[in-house]
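Shown next, in structure tokens, is the structure this report addresses.
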Protein chains: 2
Amino acid sequence: MRKKRKGCDVPEATIHRLPLYLEKLKLLQAIGVEDVSSRQLAESLDIKASQLRHDFHYFGGFSRPGRPYQVDKLVPALERIIGIADPVPTIIVGAGHLGQALANYQNLDLQGFPIHGIFDVNPRLIGLEIRGQPIRDMDEMAGIVRSENVLIGILTVPGSHAQEVADQMVKAGIVGIFNFAPTDLKVPQGVAVRNERLAVGIMALSFKVKCILEAQTQASPADEVGAPGKTAAEGDGHDQVS
Amino acid sequence: MRKKRKGCDVPEATIHRLPLYLEKLKLLQAIGVEDVSSRQLAESLDIKASQLRHDFHYFGGFSRPGRPYQVDKLVPALERIIGIADPVPTIIVGAGHLGQALANYQNLDLQGFPIHGIFDVNPRLIGLEIRGQPIRDMDEMAGIVRSENVLIGILTVPGSHAQEVADQMVKAGIVGIFNFAPTDLKVPQGVAVRNERLAVGIMALSFKVKCILEAQTQASPADEVGAPGKTAAEGDGHDQVS
DNA sequence: CTTGGCGTGTCAAAAGCATAACAGAACACC
DNA sequence: GGTGTTCTGTTATGCTTTTGACACGCCAAG
């Protein structure tokens, strides 16, 4: 199981940067930029150029040694690597507030994850339309997953039902679960899970905030909000104190 | 700027695990468990016991060498470390679908982040009530932030306005920004930002899915969904193929 | 009182990741 | 045609994080 399957033994950290690269490149593409050097691209993302080249290196040459990257070549290459060269059929399971919000988030469509169905058990929600799509009964999920070759499921049900629903999704043939429930899911081999834990995010932020406040009160007796000077931003799901 | 301010020079990865520890411990506390060993706690979170002890070690002894951890001691200790011993006043800026969904997400309240205001510029939304709180005009934000000592702001406006709104939040005195917009924010020193990038998450998942499919078609000619056997779950914002 | 088992705190080894350094390819200019 | 510059692919170095190992404290049983 530790085999080197093509371009799949890539550091976790690199994987999380690929979408950022793609995003920025699409932006450049949209404004007509044709070439971009590793330095330019890296700086605009607040990372080191060497890291970017290192990341790309996992997937073979995107450019010849002497020439900068060609945006029009790089975008489809990254899309292929990430697996969104063709749209990835996706469903949303759980049509509560969060599920509805995600269903309304058109960026998902635009970025290669068309929503092929929204499901819930609540009879009051079933039938309600969101962006032209009705909320369907859970019973219909398996059928649609199979008939439309759905690969990814976004799970936005309450934590108490998350495992049970995840089991159904897996049984129906879903290979990737984007889990918003505050529960660790148990899934069989060959299924990928990504937990997007709101509480974790805000608590990590709180820790940083606490540290900032402590530093301020300890260091300077009276330090007030002043002129914005330095900048700091961040990629992925991590964060940075600036 | 590289000073060792109390317990604040802690690895990023450790910070992201603290909320998971707390969550699990609260669960144990709720069902009446009094003591827990590092092994038990670690296994239930799918991490190594040595890592858990190492993490705790950053903050000094939670237990005496020979005794297991006492849940009732650990929970408040972690809450103090994370900075949620007392509730952290929080606001939501941007009352679109996602903002409303988060406002409805009562777990935020329960976990120490009471929502002290929901703001938007859209006159159609202003006045609408969510969980007993009206959506207010952006103009009122700064006042409330100051009067209620709001520390954290959840930013759910469109990417095109994110930077501008973030500037207002910082100027009003907010110290931590939980950013859901697909934009890198520039903030002055002394402000923490955490980006929760949906697109990054789902694309990272997609990469894993693509790898799984490739492995399946390459390795076994006909491999069908079988009996769930092994388990795999994940904390934070990371993910794991199982 | 002694002994054995368990469990933490602590340190050392290993792995993973980020950064820097370098060699060589392409192009532009002279 | 040569030469200098720019840029990538690649390898090497250093650092952070994870994992493993161990010494000692505590408790229970004999």
Side-chain angles (χ1 to χ4, degrees), chain A residues 2 4 7-18 20-21 25 28 33-71 73-74 77-78 81 204 234-240, chain B residues 2 4 7-18 20-21 25 28 33-71 73-74 77-78 204 234-241:
Chain A
R2 286 273 174 272
K4 182 172 79 92
C8 283
D9 56 344
V10 175
E12 205 67 24
T14 294
I15 296 174
H16 291 348
R17 278 189 294 267
L18 295 178
L20 299 179
Y21 298 149
L25 283 165
L28 293 177
V33 177
E34 294 187 354
D35 295 335
V36 65
S37 73
S38 60
R39 178 132 19 111
Q40 290 172 300
L41 189 51
E43 269 176 17
S44 76
L45 286 164
D46 265 307
I47 63 172
K48 296 283 190 291
S50 54
Q51 180 165 70
L52 189 150
R53 290 203 301 273
H54 201 313
D55 283 343
F56 281 7
H57 179 235
Y58 284 101
F59 306 102
F62 288 135
S63 163
R64 276 171 292 298
R67 301 265 317 148
Y69 299 108
Q70 290 174 262
V71 178
K73 294 265 166 59
L74 210 47
L78 278 174
I81 290 168
E234 188 49 22
D236 185 26
H238 297 120
D239 33 20
Q240 194 79 10
Chain B
R2 288 271 174 273
K4 185 171 78 96
C8 283
D9 57 343
V10 174
E12 204 67 23
T14 295
I15 296 174
H16 291 350
R17 278 189 294 268
L18 295 179
L20 298 179
Y21 298 149
L25 283 166
L28 293 176
V33 176
E34 293 186 356
D35 295 335
V36 65
S37 73
S38 62
R39 177 136 17 116
Q40 291 172 300
L41 189 50
E43 268 175 18
S44 76
L45 287 165
D46 265 308
I47 63 172
K48 297 283 189 296
S50 55
Q51 180 164 68
L52 189 151
R53 290 204 301 272
H54 200 310
D55 283 343
F56 283 5
H57 180 235
Y58 284 102
F59 306 102
F62 288 134
S63 164
R64 275 169 294 295
R67 303 258 320 145
Y69 300 108
Q70 290 174 262
V71 177
K73 293 266 166 60
L74 253 185
L78 279 173
E234 191 46 25
D236 187 22
H238 298 120
D239 34 19
Q240 194 82 8
V241 179

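For the numbers below, each heavy atom of this structure counts, side chains included, while hydrogens, waters and symmetry mates do not. A, B, ... follow the sequence lines: proteins, then strands. Residue 1 opens every chain.
- With D:dT17, C:dG7, D:dC7 as the candidates, the nucleotide lying closest to the side chain of A:Arg39 is D:dC7.
- Counting any heavy atom pair closer than 4.0 Å across all strands shown, A:Phe56 reaches no nucleic acid atom.
- Counting heavy atoms from C-beta outward, B:Ile47 and B:Tyr21 have side chains that approach closer than 4.5 Å.
- Here the P atom of nucleotide C:dC17 and the CG atom of A:Leu18 are 13 Å apart, to the nearest Å.
- The OH atom of A:Tyr69 lies 7.5 Å from the CG atom of A:Leu74; values are rounded to the nearest 0.5 Å.
- The interatomic distance linking B:Tyr58 (OH) with C:dG9 (C1') rounds to 14 Å, in whole Å.
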Practice prompt. Between protein and nucleotides 25-30 of chain C, map the contacts as a letter string: B base, S sugar-phosphate only, - none, heavy atoms under 4.0 Å, written 5' to 3'.
Written response: BSS---

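- A:Tyr69 has a side-chain polar atom (N or O) that falls below the 4.0 Å cut-off from OP1 or OP2 of D:dG9.
- In this entry the distance linking CG of A:Leu45 with P of C:dT19 reads 13 Å, nearest Å.
- With rounding to whole Å, A:His16 atom NE2 is found 10 Å from C:dC17 atom P.
- For A:Gln40 and D:dT6, the CD to C1' distance is 11 Å, given to the nearest whole Å.
- A:Leu78 has its side chain out of reach of A:Phe59: every pair of non-hydrogen atoms, C-beta onward, lies at least 4.5 Å apart.
- For A:Arg17, the salt bridge (charged side-chain N to carboxylate O under 4.0 Å, His left out) partners at least two apart in sequence or on another chain are A:Asp55.
- In this structure, B:His54 and B:Tyr58 have tilted ring planes: the angle between them lies in the 30° to 60° band.
- Using a distance-only test at 3.5 Å, with no hydrogens or angles considered, no donor-acceptor pair links the side chain of B:Gln51 to the main chain of B:Lys48.
- Between the P atom of C:dA18 and the CG atom of A:Asp46 lies a distance of 15 Å, rounded to the nearest Å.
- Minimum interatomic distance between A:Ser63 and A:Pro68 (heavy atoms only, all atoms of both residues): OG-O, 3.4 Å.
- You'll find that the side chain of A:Ser37 is closest to D:dC7, out of C:dT8, C:dA18, D:dC7.
- Taking for each of A:His57 and A:Pro68 the nucleotide of DNA chain D with the nearest heavy atom, the 5'-most of the two is the partner of A:Pro68.
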Pairs under 3.5 Å (N/O, protein and nucleotides 19-23 of chain D):
from   : atom 1 : to      : atom 2 : distance (Å)
D:dG20 : N7     : B:Ser50 : OG     : 3.4
D:dA21 : N6     : B:Arg53 : NH2    : 3.4

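- Here D:dG9 presents its C1' atom at 15 Å from CZ of A:Phe59, a figure rounded to the nearest Å.
- Mapping A:Arg17 and B:Val36 onto DNA chain C by nearest heavy atom places B:Val36 at the nucleotide closer to the 5' end.
- Counting only heavy atoms from C-beta outward, the side chains of B:Asp35 and B:Gln70 approach each other to under 4.5 Å.
- In terms of heavy-atom proximity, B:Ala204 sits nearest to A:His16 at CB-ND1, 3.6 Å.
- Atom CG in A:Asp35 sits about 16 Å away from atom P in D:dT6, given to the nearest Å.
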